[in-house]
Amino acid sequence: MRWVAARANRCQYAEETAKQDGIRAGATAVAWDSLESSERSQWTEADKAALDFAHRMTVDSDAVTDEQ
């Protein structure tokens, strides 16, 4: 989620930091490659929903509803 926010904010340093933290936490390089290419096939549906939520909160938080 930190990586998604960093990508939306166009902060390469924060993207790289989040990626390295994610890899240290157990995410695979293949999963990161799919995330970076916006393909995301390596991620679970719950992960994809969380990543989408993080993106929406970063770029248009006023449009996020309580249900989301």
Side-chain angles (χ1 to χ4, degrees):
M1 292 174 65
R2 285 179 33 229
W3 182 88
V4 170
R7 172 63 58 104
N9 287 317
R10 298 183 183 105
C11 182
Q12 187 176 5
Y13 176 80
E15 281 183 50
E16 188 60 31
T17 301
K19 178 179 179 177
Q20 294 305 316
D21 288 345
I23 290 170
R24 278 192 295 277
T28 66
V30 172
W32 279 105
D33 290 344
S34 75
L35 179 64
E36 291 174 336
S37 70
S38 300
E39 193 253 320
R40 300 192 291 177
S41 65
Q42 299 294 315
W43 300 87
T44 67
E45 290 304 314
D47 288 338
K48 290 176 190 176
L51 295 168
D52 290 341
F53 180 76
H55 179 76
R56 286 192 307 270
M57 286 297 291
T58 303
V59 299
D60 192 16
S61 61
D62 289 345
V64 176
T65 65
D66 290 341
E67 291 78 29
Q68 292 172 317

Checklist outcome for this item: Correct closest heavy-atom pair for Val59 and Ala8 would be CG1-CB, 3.7 Å
Checklist entry - Of all heavy-atom pairs between Ala27 and Trp43, which one has the smallest distance, and what is that distance? => result CB-CH2, 4.5 Å
Pairs under 3.5 angstrom only: tabulate donor-acceptor contacts from the side chains of residues 44-52 to other protein residues two or more places apart or in another chain.
residue : atom : partner : partner atom : Å
Thr44   : OG1  : Asp47   : N            : 3.0
Thr44   : OG1  : Asp47   : OD2          : 3.2
Glu45   : OE2  : Lys48   : NZ           : 3.4
Asp52   : OD1  : Arg40   : NH1          : 2.9
Asp52   : OD1  : Arg40   : NH2          : 2.8

Item to check | Residue pairs fulfilling side-chain hydrogen bond (donor to acceptor under 3.5 Å, both in side chains) with at least one residue in residues 4-17, sequence neighbours excluded | outcome: Arg7-Glu15, Glu16-Gln20
Next on the checklist: Would the distance check show the side chain of Ser34 and the main-chain N or O of Ala31 forming a donor-acceptor pair, the cut-off being under 3.5 Å?
Outcome noted: yes
Next on the checklist: Going by the rule side chain to side chain contact (heavy atoms under 4.5 Å, CB included), which residues pair with Ala18 if we only count those two or more places apart in sequence or in a different chain?
Outcome noted: Arg2, Trp3
